[in-house]
Amino acid sequence: MTNTTNQKTAHLISHTHWDREWYMPYEHHHVLLVELMDKLLDTLDRDPEYRYFHLDGQTIIREDYLQVRPDQQERLDRYIREGRIQFGPWYVLQDEFLTSSEANLRNLLIGHRDAKPFGIISKTGYFPDSFGNMGQAPQILEQADIQNAIFGRGVKPTGFNNAVVDAEAYESPYSEMIWRSPDGSEVLGILFANWYCNGMEVPVDPEKARVYWDKNLQDAEKFASTPHLLFMNGCDHQPIQTDLPEALRTASKLYPEVKFVHSNFDDYVEAVSQQVPDHLATIEGELRSQHTDGWGTLVNTASARVYLKQLNQQGQTLLEKVAEPLAAMAHVVGVKDYPHHLLTHAWKMLMQNHPHDSICGCSVDEVHREMVTRFAKSRQLAEKLVSQTSQAIADSIEVQNAEAWAEDAVLFTVFNTAGWMRSGIIEKELIVDKSFFPEGPNPEALARKLEEVVLPTYQVIDAEGNIYVAEILDLGVHFGYELPKDRFRQPYMARKVKVIFQAKNVPALGYQTYGLVPVGEKEERLAAGVEVNVEIEANMMENEYLRVSVGQNGTITLLDKRSGTEYHGLNVYENTGDIGNEYVYRQPEGEQALSTKQLKAELRLVEHSPYRAVMESVLRWNIPAGADELFEREKRYMVPFTERKAQRVQDTVPLTITTTYTLEAGSDVIKVKTEFNNQAKDHRLRALFPSGLVTDNHYADSIFEVAKRPNIPAKEWVNPSNAQHQQTFVHVTDGSAGLMIANKGLNEYEILQETAGSTIAVTLLRASSELGDWGVFETPEAQCLGPQSVEYAIIPFAGDAAKSGACASAYTYPIPWTTVQLGALAYTYEKEAQPVNGMNDGQLKLPLSKQWLDWQAENSTLAFSTLKIAEETGDVIARWFNLSADPAELHVQTGFECVFTYESDVLERVKGALENNHRTVAGYKIVTQGYELV
């Protein structure tokens with residue numbers, strides 16, 4: 001259908017942008033989706049001139065429809081196979097910046113797998129309404145054989161409610177441009193210059209059609225670089241236009257010089273590609289609408305309903321950094337098959353919370369209540385898989401010949417599923433005695449008998465006989481049960497203890513085994529001589545790397561001994577009003593920010609052991625109770641947030657902030673936990689970290705990159721706030737010293753450019769009361785009233801953030817340890833007798849310590865991303881990405897046998913062979929490697 005002449009061609013692409021949930025809850029939208037799909041299939045049956053329909057780039061629409069209309073599967077699938085319904089390439093239309101790097105890839109991978117049975121998939125890099133676009137998208141798309149990206153935001157000025165705004169200069173003069181990733185990968189970028197509804201509701205009546213097309217043709221030509229003009233025939237939840245073929249006939253008669261076609265993205269992109277001029281602008285990296293007034297970027301969705309972001313971080317981390325690696329470890333040694341079906345199910349449940357209006361927290365309350373349940377369901381499934389796979393590995397560890405432990409030792413294994421070797425505090429409940437009882441009789445006597453047992457003094461010892469200082473807490477008797485594979489459930493009563501100690505140098509993607517051993521006089525003397533590695537003096541904590549002093553106002557002064565840099569006043573809290581909405585933060589005009597600088601904190605030492613010190617600060621604050629009555633009136637009358645005059649009331653409510661600072665032995669990280677009970681409305685709470693470092697730029701962890709961003713926005717920016725997205729961390733550096741703040745589910749930050757240096761501001765809570773956008777939708781639950789708990793970490797460093805290990809510390813910080821008890825005391829049922837994939841005859845015995853993947857990490861700019869099993873090949877998949885523009889050397893040693901190592905891609909396909917377990921990774925490259933098992 002390529003038009004190589006200069007004749008104008010109007011490509012009308014029928015679609016509906018389908019938010020699964022937004023200003024109505026999911027099932028309300030679901031009813032409308034079923035109606036739309038029924039009408040679409042009827043129209044395709046009846047009218048051969050209604051040629052195509054684009055299913056919004058997300059395969060989940062098919063799942064949602066067939067939930068209710070399974071009887072229509074054959075009919076729907078036929079049109080997908082014929083290409084009349086364009087399907088994929090994503091599972092959902094995610095928010096790119098609020099979902100992890102691996103979640104973005106799982107979304108693309110699962111979308112492709114959903115489409116594979118049909119033998120056809122839309123190779124359209126579709127981002128119609130993403131609130132900004134990730135800088136590595138071209139590289140990801142190119143690896144998936146997608147040569148284009150079609151998007152709605154991020155480049156040309158877009159105003160409130162998606163209105164097109166004129167400006168003196170655009171980043172691209174055309175709707176077509178070259179979009180380049182940091183590594184140099186390029187795709188053809190096509191912007192919805194007049195939004196994705198510029199071809200909706202095309203009139204059939206000639207008089208109305210002339211008015212319609214006179215305007216719309218002119219608007220499209222204003223930005224198009226070729227004669228091929230894009231018109232999107234549809235909009236948000238838009239029912240299909242069944243009389244479109246007739247409307248196109250009318251247009252063709254009125255404008256004979258224009259060719260009107262009912263088109264699709266494949267034909268449109270091919271036609272544009274053949275006629276784009278050589279002088280297309282090249283835009284690089286992230287598309288975050290920095291050359292706009294700053295109000296339409298919608299970045300403050302990163303702080304709307306922070307609890308959703310925290311649940312998402314927990315769910316993503318558990319799946320990609322714990323469940324998948326453990327399942328891969330169990331699979332390669334043959335103790336348990338890789339649960340592709342269950343992991344895919346868990347991912348899909350999680351990703352159903354990843355559409356932009358869902359994870360962004362910018363929907364009505366009912367939507368986000370349902371999201372909490374989905375998060376829980378995905379997490380529960382992941383937790384079960386973690387339990388099963390880690391236990392399967394532990395059950396195969398050979399402990400009979402371990403000389404360091406006596407026969408009465410209680411053994412347990414600590415798994416490190418992070419990509420870097422690490423040390424850390426382990427807290428594990430262990431069963432030291434138990435007795436089963438049949439269901440029915442009262443087990444009280446059994447419990448009393450176990451309670452009367454006098455426990456010995458215990459010591460934690462590793463396989464080499466090294467003694468660890470540990471706290472052993474007697475937890476008493478507790479009920480438990482087992483679920484044997486060959487009989488009914490088995491309840492028991494168990495005597496438990498809790499072990500707290502610091503595991504040291506646990507190998508990356510591996511494990512170490514420890515014993516809880518009754519000790520004699522010799523061992524007790526050895527423990528008494530253990531060196532204290534965290535010192536305390538008044539309100540000061542110190543280890544070999546850091547000195548941390550907690551001030552009278554609860555902030556900390558931090559000395560980084562490696563760089564000699566001292567940071568003052570870290571973690572002061574700031575509070576401001578917010579008269580915006582779930583999308584946009586807006587501080588009341590003329591308001592002065594409140595601060596805890598002048599408050600006096602209640603300080604106390606919570607814990608001091610050789611391996612950890614914990615200090616607590618309690619601040620008792622009073623902040624305004626909420627916005628005034630004018631705010632309610634302005635919301636009800638839909639006064640634009642930029643024009644609101646509301647202020648906060650004079651009445652106050654208490655805000656007690658309890659902060660704990662934790663410093664561990666041998667650690668370069670200060671862990672911070674902040675808890676408070678929010679009783680105020682219409683406000684924002686942030687933690688501020690003045691670095692004292694004078695910088696023009698800063699660095700934020702994003703999708704497969706640490707993005708370099710300017711501290712001061714472009715000259716077009718008028719929004720007083722310059723908040724931005726982050727994934728795991730943000731940092732500032734002057735080249736010799738740097739300050740990094742890592743987080744768990746706190747996705748919004750801002751760099752405050754001050755005379756004394758750059759200050760990092762991390763949003764802990766934003767309380768708002770309306771959805772915003774195109775209507776009046778009250779969202780009282782977005783005020784986030786009640787108890788709140790947030791976690792983040794302060795990481796100073798010297799030199800380069802990646803080479804110094806600061807990035808590795810930040811990436812491992814949110815990953816939980818997995819600990820499993822070994823032996824009959826923990827589990828008594830028979831192991832599964834069937835070998836997995838013929839790799840294990842059931843007699844395999846694993847060593848007391850093992851590492852599955854050892855890669856060179858010292859002074860490296862590489863970051864580890866994933867370890868999993870490919871569904872189609874059954875091969876091991878591992879992925880890294882380069883944080884630097886400079887090449888990095890990757891050396892890998894596997895702890896399993898493989899017969900073929902190869903380069904792979906984001907779709908886990910076999911590419912070229914790799915030799916000698918070594919490769920050079922180009923700057924900013926995402927590299928995936930496959931390992932074919934024996």
Side-chain angles (χ1 to χ4, degrees), residues 97-98 100-103 302 309-310 312-314 316-317 320-322 416-425 508 545-546 548 558 560 562-563 565 567 570-571 661-664 666-673 687 689 691 693 698-709 724-733 737-749 751 758 760-764 790-817 857-866 880-884:
F97 286 117
L98 294 179
S100 70
S101 300
E102 287 299 325
K309 282 65 172 178
Q310 292 174 303
N312 184 55
Q313 181 272 323
Q314 293 168 11
Q316 289 177 158
T317 302
E320 69 191 51
K321 298 297 189 285
V322 184
N416 174 19
T417 52
W420 293 264
M421 179 177 69
R422 61 174 175 159
S423 303
I425 307 302
Y545 299 119
L546 308 175
V548 184
L558 169 63
D560 182 2
R562 297 160 299 184
S563 69
T565 306
Y567 304 91
L570 300 181
N571 203 45
Y661 298 106
T662 299
L663 181 63
E664 299 176 3
S667 175
D668 60 355
V669 175
I670 304 159
K671 296 180 179 178
V672 186
K673 185 174 184 179
F689 305 89
S691 71
L693 303 174
H698 65 278
Y699 300 82
D701 180 47
S702 191
I703 307 305
F704 289 113
E705 69 167 325
V706 176
K708 181 180 180 180
R709 297 171 181 166
Q724 300 185 34
H725 293 94
Q726 65 173 329
Q727 278 285 315
T728 308
F729 60 83
V730 59
H731 81 258
V732 294
T733 179
L739 183 67
M740 175 182 289
I741 308 299
N743 72 88
K744 295 183 180 181
L746 304 176
N747 293 115
E748 181 182 279
Y749 76 93
I751 301 297
S758 303
I760 301 172
V762 177
T763 304
L764 309 184
V790 296
E791 295 183 61
Y792 43 101
I794 305 168
I795 309 174
F797 61 92
D800 181 85
K803 292 182 178 180
S804 71
C807 292
S809 294
Y811 284 132
T812 59
Y813 162 66
I815 302 174
W817 296 91
E858 187 176 356
N859 295 321
S860 175
T861 60
L862 295 179
F864 183 80
S865 189
T866 195
W880 294 262
F881 57 102
N882 192 348
L883 300 174
S884 170

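We're numbering straight along the sequence, starting at 1.
Defined by atom type and a distance below 3.5 Å, a donor-acceptor pair is missing between the side-chain atoms of S101 and Q727.
In terms of the side chain to side chain contact (heavy atoms under 4.5 Å, CB included) criterion, residue partners of K803 (sequence neighbours excluded) are, by chain and number, D800, T861. Contacts of S758 classified as side chain to side chain contact (heavy atoms under 4.5 Å, CB included), with partners at least two apart in sequence or in another chain: S691, T695, N711, V732, I751, Q753. Checked against side chain to side chain donor-acceptor pair (under 3.5 Å), Y661 has the following partners two or more places apart in sequence or in another chain: N571. In this view, Y749 and H698 satisfy the ring pair (Phe, Tyr, Trp, His ring centres under 6.0 Å) rule, not counting sequence neighbours. In this view, T728 and D701 satisfy the side chain to side chain donor-acceptor pair (under 3.5 Å) rule, not counting sequence neighbours. Scored by the ring pair (Phe, Tyr, Trp, His ring centres under 6.0 Å) test, H725 finds F97 as partners (sequence neighbours excluded). E102 meets the salt bridge (charged side-chain N to carboxylate O under 4.0 Å, His left out) test with R106, R879; sequence neighbours excluded. Remark: D668 pairs with S809 by the side chain to side chain donor-acceptor pair (under 3.5 Å) rule, at least two apart or across chains. Scanning for salt bridge (charged side-chain N to carboxylate O under 4.0 Å, His left out) contacts around R422 gives an empty result, with sequence neighbours left out. The side chain to side chain contact (heavy atoms under 4.5 Å, CB included) search around T317 returns Q313, K321, I815, P816, not counting sequence neighbours. For the side chain to side chain contact (heavy atoms under 4.5 Å, CB included) test, residues two or more places apart in sequence or in another chain that qualify with A806 are M740, I795, F797, S804. Taking K671 as the reference, E664 meet the side chain to side chain donor-acceptor pair (under 3.5 Å) condition, with sequence neighbours excluded.
Nearest heavy atom pair, residue A418 against residue T812, reads CB-CG2, 3.7 Å. The two residues A700 and R709 come nearest to each other via the heavy atoms CB-NH1, 3.5 Å. Here the closest non-hydrogen pair linking L883 and A802 is CD1-CB, 3.8 Å. Taking all atoms of both residues into account, the shortest heavy-atom contact from A302 to K309 is O-CE, 3.6 Å. Scanning both residues, I670 and V548, for their nearest heavy atoms gives CD1-CG2, 3.6 Å. The two residues P814 and K744 have their closest heavy-atom pair at CA-CE, 3.8 Å.
A heavy-atom distance below 4.5 Å is not found between the side chains of L98 and N312. For the pair P796/T565, no side-chain contact is recorded, criterion being any heavy-atom separation below 4.5 Å from C-beta on. Residues L746 and E791 are not in side-chain contact: their nearest non-hydrogen atoms beyond the backbone lie 4.5 Å or more apart. You'll find the side chain of L739 reaches within 4.5 Å of the side chain of F689, heavy atoms only. Taking the side chain as every heavy atom from C-beta outward, Y811 and F729 approach each other to under 4.5 Å. Here the side chains of I425 and W817 are not in contact, with every heavy-atom distance at 4.5 Å or above.
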Criterion side-chain contact (heavy atoms from CB on, under 4.5 Å) on V669 and I794, from CA distance to verdict: CA-CA 6 Å; V669 175; I794 305 168; over 6 Å; no
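One finds the CZ atom of F881 at 11.0 Å from the OG1 atom of T866 (value rounded to the nearest 0.5 Å). To the nearest 0.5 Å, the span separating CG on L570 from CG on L558 amounts to 6.0 Å.
Judged purely by atom type and a 3.5 angstrom limit, N747 uses its side chain to pair as donor or acceptor with the backbone of Q726. Using modelled atom types, no side-chain atom of S702 and backbone atom of E705 make a donor-acceptor pair closer than 3.5 Å.
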